[in-house]
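A quick write-up on the structure given underneath.
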Protein chains: 2
Amino acid sequence: MANIAKFDRQEVINKATNLYWKKGFHATSMRNLQDEIDMRPGSIYAAFGSKDGLFKETLRNYTDLGIAQLAHYKEQNSSPLEALRAFVKNLVIDSQDNAPNGICMLSKTIGELTEENQELLNVTKAHLAEILQEFVVIIEEAQQKGEIDKHKSAEELANHVQIQIAGLRTFAKINNDKNKLNNLIDDMFTHYPF
Amino acid sequence: MANIAKFDRQEVINKATNLYWKKGFHATSMRNLQDEIDMRPGSIYAAFGSKDGLFKETLRNYTDLGIAQLAHYKEQNSSPLEALRAFVKNLVIDSQDNAPNGICMLSKTIGELTEENQELLNVTKAHLAEILQEFVVIIEEAQQKGEIDKHKSAEELANHVQIQIAGLRTFAKINNDKNKLNNLIDDMFTHYPF
DNA sequence: ATTATACTTGAGCGATCGTTCACGTTGTTC
DNA sequence: GAACAACGTGAACGATCGCTCAAGTATAAT
């Protein structure tokens with residue numbers, strides 16, 4: 001017989017994601033997490049195994065949320081390219097105020113961790129590759145619709161988008177001028193290499 | 001009377017810079033630093049005051065080294081624009097192997113720290129602004145020499161360069177294809193907005 | 001009611017954190 | 001060579017780290 005879930009696992013993971021995203025892996029203590037998700041150490045370790053294990057689940061959650069968000073913009077826009085633009089603007093501009101951290105949790109983790117946490121690093125890289133692939137798909141759709149030159153490499157354009165997002169989100173942390181950020185993103189979609 | 005320096009302050013700061021740069025602020029313990037710079041806690045605290053104090057000195061050191069490096073490339077190139085390009089290639093491509101960390105120490109710190117370390121965050125932002133100003137100067141010199149359209153805003157171009165560096169260095173961490181990175185940087189200098 | 005099972009609890013483990021300070025050593029001064 | 005100043009030393013402080021586990025509580029099955 002299935003037992004009553006004593007805690008809402010998804011809600012716990014969401015809260016843990018936000019805290020890890022905000023403070024980073026090393027600066028987030030299990031004490032901090034205990035307070036944030038309102039669970040005692042024993043329960044946390046029974047459910048997630050370790051600090052690393054919980055972090056890995058939050059990385060998965062973060063990536064799923066990002067991919068779902070991109071799908072959301074695709075549904076709302078008939079144009080794949082416009083959907084991508086809206087997605088990027090949301091990440092770079094809106095996230096500075098709404099999200100736990102303006103920086104991408106995956107980029108931040110790539111920057112923070114070393115080979116001492118090789119497995120978490122590998123997971124993070126794999127998730128970034130997943131998102132890259134989503135960009136490839138949406139760019140190929142835009143090419144099908146004639147919004148982008150079909151002769152251009154969708155993979156290279158996707159790389160370019162990911163580089164711009166990483167750069168812009170870092171920049172936004174020191175210069176949160178929304179008009180400027182908006183213009184930079186518009187430029188990105190109206191000039192080379194698009 | 002000045003006493004004999006019992007330790008080489010500059011060498012100690014260099015070693016501390018490399019460790020902080022590699023591991024980040026939170027993941028670097030004072031024990032780690034003691035081993036790396038071969039000093040006992042009392043001496044470190046007498047010389048630098050605190051973990052924060054030493055970190056602040058390494059940020060200053062890192063920024064000075066970067067500015068000196070840019071000056072070096074300016075001396076070696078008659079063209080300011082080529083000097084800037086060589087500087088960027090060095091940061092993005094060579095640093096992946098040579099340096100303690102492929103990521104810029106300042107960007108990494110911006111990503112890692114929160115308002116809990118507001119002063120270190122402010123120092124870091126100020127240093128990024130310093131480097132931005134160096135880019136403005138070199139771009140203005142390139143405009144004087146007719147290498148860049150004088151009607152373009154040197155400040156905006158400098159911002160663009162800093163954003164590209166942040167994005168490319170993150171990208172290089174997951175895809176260290178030197179040919180691709182080289183092409184991306186060449187594209188950056190031969191297409192919009194340059 | 002009793003037993004079995006599932007889940008939570010929180011005191012506390014050994015280790016490590018950033019930091020301090022009484023003390024030892026070294027070099028200078030008179 | 002005695003006194004002093006300057007610096008380095010490392011044991012050890014209280015706090016916190018990630019984590020464990022014996023005990024407690026709640027629900028389900030008999």
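Since the structure is predicted, the reported quantities are computational estimates derived from the model, not experimental observations. Chain naming here is simple, since letters A, B, ... match the order of the sequence lines and numbering starts at 1 in each.
- Per the geometry, CG belonging to L33(B) stands 16 Å off P belonging to dT16(C), to the nearest Å.
- Distance NE2 (H26(A)) to C1' (dC17(D)): 12 Å, rounded to an integer number of Å.
- No salt bridge links K15(B) with D8(B); every basic N to acidic carboxylate O contact stays at or beyond 4.0 Å.
- For Y45(A) and dT20(D), the shortest distance from a side-chain N or O to OP1 or OP2 is not below 4.0 Å.
- One N or O on the side chain of E112(A) and one on the backbone of H26(A) form a donor-acceptor pair closer than 3.5 Å.
- Between the side chain of S107(B) and the backbone N or O of I103(B) there is no donor-acceptor pair closer than 3.5 Å.
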Tabulated below should be each protein N or O lying under 3.5 Å from an N or O of nucleotides 10-12 of chain C; please produce it.
unit_1	atom_1	unit_2	atom_2	d
dG10(C)	O6	G42(A)	N	3.1

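- For K51(A) and F25(A), the positive end sits near the middle of the six-membered ring, less than 6.0 Å away and at most 45° from its axis.
- One can place CG of D52(A) at 12 Å from C1' of dC19(D), the figure rounded to the nearest angstrom.
- Taking atom CG on D38(B) and atom C1' on dT9(D), their separation rounds to 12 Å, with Å as the unit.
- Heavy atoms from other residues, nucleotides or ligands lying under 6.0 Å from CD of Q118(B) number more than 12.
- Between the C1' atom of dC17(C) and the NZ atom of K23(B) lies a distance of 13 Å, rounded to the nearest Å.
- Note: CG (L120(A)) to P (dG18(D)) measures 14 Å, nearest angstrom.
- Ionic pairing of E156(B) and K180(A) is not present here: no N-O contact between side-chain nitrogen and carboxylate oxygen is shorter than 4.0 angstrom.
- A salt bridge does not link R60(B) to E57(B): none of the charged side-chain nitrogens sits closer than 4.0 Å to a carboxylate oxygen.
- The closest donor-acceptor contact from the side chain of K108(A) to the backbone of K22(A) lies under 3.5 Å.
- Here the C1' atom of nucleotide dA26(D) and the CZ atom of F7(A) are 16 Å apart, to the nearest Å.
- When the C1' atom of dT20(C) is taken as reference, atom CD of Q34(B) falls 13 Å away, rounded to whole Å.
- For the 3.5 Å distance criterion, the side chains of Q10(A) and N61(A) qualify, holding a donor opposite an acceptor.
- Between its opening and closing five pairs, the helix from dA1(C)-dT30(D) to dC30(C)-dG1(D) changes axis direction by 10°, a value rounded to 10 degrees.
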